[in-house]
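Only heavy atoms go into these numbers, but all of them, side chains included; no hydrogens, no water, no symmetry mates.
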Amino acid sequence: MVLKSRDVAGIEIFRASDVHERIVYNRIKNAVFKSFSPGRYTEKAVIVSVVNLMYKQYYDILDEFLPKVVPRGFVTFLASEYERYGQVSDAYKLNKLSEGDEVFWLSYAIHARRGIKHILELLCRSNMEAGKVADTQGEWEDALSMVFIAAEELVSLYMRSDNYRGFMDEVTLTLDPSQFTYFHVKEDGELKFDIRESVRDFQKYLPSPMFLQDTNAHAEILDASFVETLGLSYKGTLSTLQWIIETYSDKANPEGLGSFEWEEVVNSMTLSFGITPPQAELILNGFCLSAEDMEDRELFRPKQEYRAYKRAFFKAPCNGVNWLFFSRRMALECLAILVSDVPFRKLPPEWQSKSVSKALDVLSLKAGRWFENAIKQNLETLGIIGSPSVKTLYLSDTERLKIPAEVGEIDFLGFHEMKKLLVIIEVKQVGYATEPRMFIDDLSKFMGGSNSYSAKFIKKYNWVLDNVESVEKHFAHKFNLASKLEVAGYAMITLYPTIVSTKIKEFSCVSISEFMNKSHGSDAWPFSKTSLQRPE
């Protein structure tokens with residue numbers, strides 16, 4: 001097969017030809033201006049209707065061309081490309097792309113891996129049935145190119161449109177057929193959020209392994225409930241999935257398609273671990289996708305359980321035999337995401353039970369305490385002394401002041417004596433939101449009304465400011481503070497950076513890496529602060 005490719009950071013990745021790009025471009029452009037007049041649009045409902053029209057056109061292309069591609073040959077190609085695009089993604093995260101390659105990656109190809117996942121979902125949903133397969137190699141390559149473009153554009157479009165609907169305050173769309181970028185949203189270029197540095201710096205400020213990925217720590221809490229539910233411990237369940245990935249894919253050739261027969265692996269699991277076939281199937285099903293469970297799959301619904309996010313084995317019946325295929329890289333990524341989500345009480349429903357749910361409650365609480373303690377240890381390196389999880393102020397041996405229930409526990413309360421600085425910290429171990437629909441969820445959690453994270457934190461630091469003399473007595477009693485504090489510094493610290501921080505105006509909201517990097521780079525407190533006011 002002779003297909004066009006592009007070298008990015010020394011890695012050859014498939015890119016559809018300019019001819020195919022123009023065909024798709026003209027098709028979508030003609031459809032837009034057949035239904036909408038050129039001009040400037042600011043009403044979100046109208047802008048969304050334009051997006052929906054384009055979205056449908058891309059799906060029409062998929063419906064037209066995907067049946068022309070031989071499914072089993074296509075999944076082999078997609079697995080290879082997923083690995084190559086993954087290598088480019090790794091280089092991007094490590095800042096190893098040239099300026100030109102980075103512009104190209106962020107403008108187009110960054111959405112390809114998610115597009116590949118969706119094509120695999122669609123192929124799996126069709127039970128890998130061949131449609132009106134192209135007669136010639138040239139037609140096959142045409143179809144492959146058209147499908148690849150449509151999937152990549154669909155991902156780009158739905159991610160931008162979700163921002164238009166719910167995250168951006170204002171949206172201005174210009175439709176101008178005389179311009180190459182005939183669909184231009186001014187705000188698209190303004191919404192930039194780069195987390196690479198923060199994530200790279202985790203190793204400087206967080207103990208390794210991070211609790212979110214510490215399967216040994218998870219296992220201490222979850223193992224018994226997993227044995228009761230699945231017949232295998234939590235660690236054993238993960239190790240089994242890892243074993244399947246390693247056994248049925250080739251580490252030396254990660255571009256190759258992994259595959260295995262369902263019955264063979266179920267039999268191996270029952271014989272090796274002494275569990276029942278139904279238990280073995282539950283374990284496998286928690287990491288699998290099939291035509292049946294993806295019947296309602298929609299690309300624009302990223303919170304659907306049955307999608308290629310934490311599930312990497314695709315069922316594909318063939319001549320009465322249940323085969324499963326997978327990309328090695330995708331499977332390892334999905335397994336890592338599954339593990340990281342466990343402390344947030346997220347598990348495949350196939351693995352859930354009452355005992356597992358109770359264990360997850362304990363694990364979630366321990367994860368929160370771990371992050372609070374990590375914050376405390378980092379603050380101490382800055383010369384800030386204090387306590388996590390403060391519910392009561394100890395003013396003397398006999399006198400105490402409970403923080404009112406309506407204010408709630410203060411995640412960290414401390415001081416820097418030389419700088420005469422009072423420090424109030426709110427800790428939020430939020431996961432990394434990867435899609436606009438999740439940005440909107442975070443927006444609701446952080447800023448959605450009187451019960452939001454922001455509202456609660458504002459209430460907490462205002463209470464501290466109103467009770468500063470009691471706070472100083474507490475510090476004097478517990479930590480021998482001998483001087484008066486003059487300034488209060490306050491911030492909300494998250495694990496991963498959150499795009500919602502760009503919208504919070506009342507106080508600083510930064511990731512642990514951003515917090516520490518800025519603190520090391522400044523002699524003064526570089527976040528929200530106010531002079532302490534005392535009663536006359």
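- Between Ser353 and Glu228, the side chains place no donor N or O within less than 3.5 Å of an acceptor N or O (distance only, hydrogens not considered).
- The backbone N or O of Thr392 sits nowhere less than 3.5 Å from a side-chain atom of Arg400 that would complete a donor-acceptor pair.
- No donor-acceptor distance shorter than 3.5 angstrom exists from the side chain of Arg196 to the backbone of Leu94, with no hydrogens or angles considered.
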Candidate pair Asp441 and Lys303, rule salt bridge (Lys or Arg N to Asp or Glu O under 4.0 Å), full reasoning:
CA-CA 11 Å; Asp441 287 349; Lys303 293 191 289 182; 3.0 Å; yes
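- Contact between Leu232 and Thr240 at its shortest, heavy atoms only, is CD1-OG1, 3.5 Å.
- The cationic atom of Arg329 (NZ for Lys, CZ for Arg) does not lie both less than 6.0 Å from the six-membered ring centre of Tyr82 and within 45° of the ring axis.
- Across Val430 and Phe344, no two heavy atoms sit closer than the pair C-CZ, 3.9 Å.
- Although no hydrogens or angles enter the test, the distance criterion places no donor-acceptor pair under 3.5 Å between the side chain of Arg311 and the main chain of Cys334.
- A salt bridge between Lys96 and Asp101 is absent, with no side-chain N of the basic residue lying under 4.0 Å from a carboxylate O of the acidic one.
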Val423 vs Phe415, test: side-chain contact (heavy atoms from CB on, under 4.5 Å). Steps then yes/no.
CA-CA 5 Å; Val423 177; Phe415 64 93; 5.8 Å; no
Before giving the answer on salt bridge (Lys or Arg N to Asp or Glu O under 4.0 Å), spell out for Glu380 and Lys376 the whole-Å C-alpha distance, their side-chain angles and the decisive distance to 0.1 Å.
CA-CA 6 Å; Glu380 287 174 351; Lys376 176 178 179 289; 2.6 Å; yes
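- Of the possible donor and acceptor atoms, one in the side chain of Ser340 sits under 3.5 Å from a partner among the backbone N and O of Ala336.
- Between the side chains of Tyr164 and Asp188, a donor-acceptor pair is found at a separation under 3.5 Å.
- Between His218 and Tyr234, the two ring planes are tilted [angle within 30° to 60°].
- Panel note: side chain Gln429, backbone Leu212; no donor-acceptor pair is recorded below 3.5 Å.
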Can you give the donor-acceptor pairs under 3.5 Å from side chains of residues 486-494 to other protein atoms, not counting sequence neighbours?
| unit_1 | atom_1 | unit_2 | atom_2 | d |
| --- | --- | --- | --- | --- |
| Thr494 | OG1 | Tyr496 | O | 2.7 |

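- At least one donor-acceptor pair closer than 3.5 Å links the side chain of Asp223 to the backbone N or O of Lys235.
- Between Lys204 and Asn517, the shortest heavy-atom distance links the atoms NZ-OD1, 4.4 Å.
- Ring-plane geometry between Phe515 and Phe527 is classed as parallel, the angle between the planes falling under 30 degrees on a 0 to 90 degree scale with a further cut at 60.
- Distance alone, capped at 3.5 Å, places no donor-acceptor pair between the Arg297 side chain and the Arg307 backbone.
- Remark: of the listed residues Asp411, Leu495, Ile512, Asp411 is the sole one forming a side chain to side chain contact (heavy atoms under 4.5 Å, CB included) with Val427.
- With hydrogens and angles disregarded, no donor-acceptor distance shorter than 3.5 Å links the side chain of Ser364 to the backbone of Leu360.
- Within the 4.5 Å cutoff, the side chain of Gln203 has no heavy atoms near those of the Ser208 side chain.
- The two atoms that bring Tyr306 and Cys288 nearest to each other are CD2-O, 4.4 Å, heavy atoms only.
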